[in-house]
Amino acid sequence: MSGDFQAPKGVSEYFPPRSGIFEKVVRKLEQVSLAANYHLIELPVFEDTQLFTRGVGESTDVVTKEMYTFEDRAGRSLTLRPEGTAGVIRSIIEHGLDRGQLPVKLYYRGPFFRAERPQAGRYRQFYQFGIEAVGLDDPYLDAEVISIAHRGFLSLGLKNFDLQITSLGDEESRSKHRVEFLKFLSTLDLDGETLEKVKKNPLRIFDDKRSEIQAQLKGAPVLLDFLTAESSMKFAAVKGALTELGIPFVVNTTMVRGLDYYTGTAFEFVHKGLGAQASIGGGGRYDRLMRTLGGQDLSGIGFGLGIDRIILALESEGLVDSSNENSKLNGGYLDLFIIPIGDAAKLRAINLIENVRKSGFVADMGFGDRSLKGAMKAADKLSARHVLVLGDAELQSGQGRLKRMSDGVEESITLDSIVATLKNSL
RNA sequence: GUGGGCGUAGCUCAGCUGGUAGAGCACCCGGUUGUGGUCCGGGAUGUCGCGGGUUCGAGCCCCGUCGCUCACCCCA
C-alpha cells in the first residue's frame, strides 16, 4: 500500500491485463445483442431518486438501504443508478421511443451502484450489461431475451452454469397464491425480523439460507400452481421455445427476484464456480413498470448481466490467464516494435510508427535511453512480432533489417516499404 | 448493520519458543563493440497498516484504530 489515497471501499477496478478481459466480455455481449437487433442506449448514471423508489419498489432492499442518494446544488434528490431497467424505461417514455414499431429493443452497459457490504463478486460500483425489449407481451420474446444471454455466455466459453426460470404470473395469479401462502406462513414459527420481511414481500422468505427456515418451508403453496390459464400458457410457451432452441433450464419454483417490478417470466443464470454471490445474470418480464412511471400500459422484458461476476466465472473455469500479461486472449501483442538509437532515429521512428498505425497495425517503439539489449528484451516482453533497429546506418541508407521474433529470421527491407512488408507477413 | 480471517518489498508469501527482516516472481545493469526469449553474475526496493503499551530489546506479546477479505442480510 503506497501513496496517499486508495479507491473508495468496495469498487472494482480493471487495469491491464485484466482490463482486456473486461473489454472482451462487453464486446462479445454487444455482438450477440446487435445480432438480435438490439441497439445501444447510453444513459446517465444518476437519475431522479423517485424513478427508483417508484420503479424498483419501496419495499426492496435496493431502495430502502442500498442507494447512493445525494442532493444537487438546487436541492433536487438524485441517486446513482442501482439497476438499469428503470432508466431505460424512463428514457423510452421521455423520448417517445415506444411510439414507433414495437418492440423497442435496446442494450446498455456501464457502472451501477449499491451501498452494500462488499464481498466476493459484490461491489459498490459494479458493471452490468443489459438488454430490454419493450412494448410487446409475447412469450417468444421472453425466450429470445433469455437466449441472447445464453448465447453470450456460451460465446465467452462458459459452461459451468445453470439457467433457472419460473413464472411469477399476473396479478390475479399472485393474489390467489398470496392468500394461501400467508395462511401457510401464519402456521410457522418465525422470528420478528423474518416476520417483518415477510410483510413486505412474502416470497422473499425463500431466500433465507437458514436450514431451520428452509425446513419449515417444505410443503408451502407454490406460486406456479396458482397461475391463471393465460399465465400458464405463456409460461409453457417460453419453456417450449427454450427447449426448441436447445437451451437447458430448470424450473425453480422458489426463485425470488430482488426488484418488485417483475411479473410473469423470471429467470436467473447461476454459476457454480463462484462464492455466495453466484448469480451472473438475471431478469424477467415487467408488466406494470412503464405505467407506474407514467408511460403507456406496455409490457417489457429484459436482463442484466454482471460483468464483474462473469469475469470471475471465466477465471474460475480457467478460461483466462490473468498472469500472462501479453496473452493474445487479452489483445496484448504488437505487430511491430522499433528500436531507435539516438534522437535523429527517434524522429524517424515516430514517423514510421505513425504510418504503420495508420495502416491498422499495432506498433510501438522504444522510448528513453535503454541499451539495445534492454530494448530487445522489452520488445520480447511485449510480444512484438517484428522488431526493427533504427540507427545511423539505417537512416543513411533507408534500408533496414526487419526481424521476425518467432524464429529470429531477419529480412532486408527499405524503410518506406515497411507497411507492405508487414502486410505480406500476415 | 452482524460475525470470522488477514494486514511483512510492485506481486505471491516465509519469518521457529520476542534479539532492529528474507525467498520466488517482476524490475534494472552486465556476460566486449548494434539484437530478444534459456542460462550465469550483479543491483535497487520495505517507517514489517497506523497509534499506544509490556520489555534491556517486538514483525513476532497486549490494547486501540484503520484497511482488506470472506460470510450473513440481499443481490449482478
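Letters go in sequence order (proteins before strands), and every chain restarts at 1.
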Polar pair under 3.5 Å, donor/acceptor by atom type, side chain A/Asp380, base B/G37: no
Contact check, side chains of A/Phe181 and A/Arg174, non-hydrogen atoms, under 4.5 Å: no
Counter-base of B/C25, judged by Watson-Crick or G-U geometry with both distances under 3.5 Å: B/G10
B/C75 versus B/C62 - spacing of their P atoms, nearest Å: 40 Å
Between B/G15 and B/A58 - C1' atom distance, rounded Å: 13 Å
Contact summary for A/Leu312 and A/Gly121, nearest pair of heavy atoms: CD1-CA, 3.6 Å
Protein proximity profile, nucleotides 38-43 of chain B - base contact B, sugar-phosphate-only contact S, no contact -, cut-off 4.0 Å on heavy atoms: ------
OP1 or OP2 of B/G36 under 4.0 Å from side-chain N/O of A/Lys381: no
Contact under 4.0 Å: A/Ser371 side-chain N or O vs B/G30 OP1/OP2: yes
Listed once per pair and sorted, the salt bridge (Lys or Arg N to Asp or Glu O under 4.0 Å) pairs that draw on residues 272-290 of chain A, sequence neighbours left out: A/Asp137-A/Arg285, A/Asp142-A/Arg285, A/Asp162-A/Lys272
Atom pair CG/NE2 of A/Asp335 and A/His386 - distance to nearest 0.5 Å: 7.0 Å
Span that lies between the C1' atom of B/A9 and that of B/A21, in whole angstrom: 10 Å
Annotated protein contacts, base or backbone, on nucleotides 71-76 of chain B with a non-hydrogen cut-off under 4.0 Å, one of B, S, - each: BBBBBB
Distance, P atom - from B/G18 to B/G57, rounded to whole angstrom: 16 Å
From CD1 (A/Ile338) to NZ (A/Lys346), nearest 0.5 Å: 13.5 Å
C1' spacing across the pair B/C11 / B/C27, given as an integer number of angstrom: 12 Å
Base paired to B/U47 (Watson-Crick or G-U; both N/O distances under 3.5 angstrom): none
Euclidean distance, A/Ile307 CD1 relative to A/Leu314 CG, rounded to 0.5 Å: 11.5 Å
B/C68 pairs with, by Watson-Crick or G-U criteria that keep both distances under 3.5 Å: B/G5
With A/Leu136 via side-chain contact (heavy atoms from CB on, under 4.5 Å) - residues at least two apart: A/Leu102, A/Pro103, A/Leu141
Point-to-point distance, once rounded to the nearest 0.5 Å, from CG of A/Asp61 to CD of A/Glu116: 8.5 Å
Rounded distance (Å) that lies between atom P of B/C11 and atom CZ of A/Phe15: 9 Å
Gap in Å between the two P atoms, one belonging to B/G36 and one to B/A44, rounded: 26 Å
B/G4 to B/C40 separation - P atoms, rounded to the nearest Å: 48 Å
Euclidean distance, atom CD of residue A/Gln6 to atom C1' of B/C68 [Å, nearest integer]: 8 Å
Gap in Å between the two C1' atoms, one belonging to B/C16 and one to B/U2, rounded: 37 Å
Enumerate, atom names and distances included, each donor-acceptor pair closer than 3.5 Å involving a side-chain atom of residues 42-51 of chain A, sequence neighbours excluded.
| unit_1 | atom_1 | unit_2 | atom_2 | d |
| --- | --- | --- | --- | --- |
| A/Glu42 | OE1 | A/Arg109 | NH1 | 2.9 |
| A/Glu47 | OE1 | A/Arg90 | NH1 | 2.9 |
| A/Glu47 | OE2 | A/Arg90 | NH1 | 2.5 |
| A/Asp48 | OD1 | A/Gln50 | N | 2.9 |
| A/Thr49 | OG1 | A/Ser77 | O | 3.1 |
| A/Thr49 | OG1 | A/Ser77 | OG | 2.7 |
| A/Thr49 | OG1 | A/Leu78 | N | 3.3 |
| A/Thr49 | OG1 | A/Leu78 | O | 3.4 |
| A/Thr49 | OG1 | A/Thr79 | OG1 | 2.7 |

Spatial distance of atom CE (A/Met376) from atom OG (A/Ser371) [nearest 0.5 Å]: 11.0 Å
B/G59 - base-pair partner by Watson-Crick or wobble geometry, distances under 3.5 Å: none
Expected output: side-chain A/Lys105 to main-chain A/Ala36 donor-acceptor under 3.5 Å: yes
Of A/Arg309, A/Glu317, A/Gln277, A/Lys159, the residue whose pairing with A/His271 passes side chain to side chain donor-acceptor pair (under 3.5 Å): A/Glu317
Sugar-phosphate, base or nothing in reach of A/Ala384, heavy atoms under 4.0 Å: nothing
Residues within residues 400-417 of chain A bordering RNA chain B, heavy-atom distance below 4.0 Å: A/Arg401, A/Lys403, A/Met405, A/Ser406, A/Gly408, A/Glu410
Pairing partner of B/U54 (Watson-Crick or G-U wobble, both distances under 3.5 Å): none
Base paired to B/C16 (Watson-Crick or G-U; both N/O distances under 3.5 angstrom): none
Minimum heavy-atom distance between A/Leu347 and A/Ile350, given as atom pair plus value: O-CG2, 3.1 Å
Nucleotide opposite B/U35 in a Watson-Crick or G-U pair, distances under 3.5 Å: none
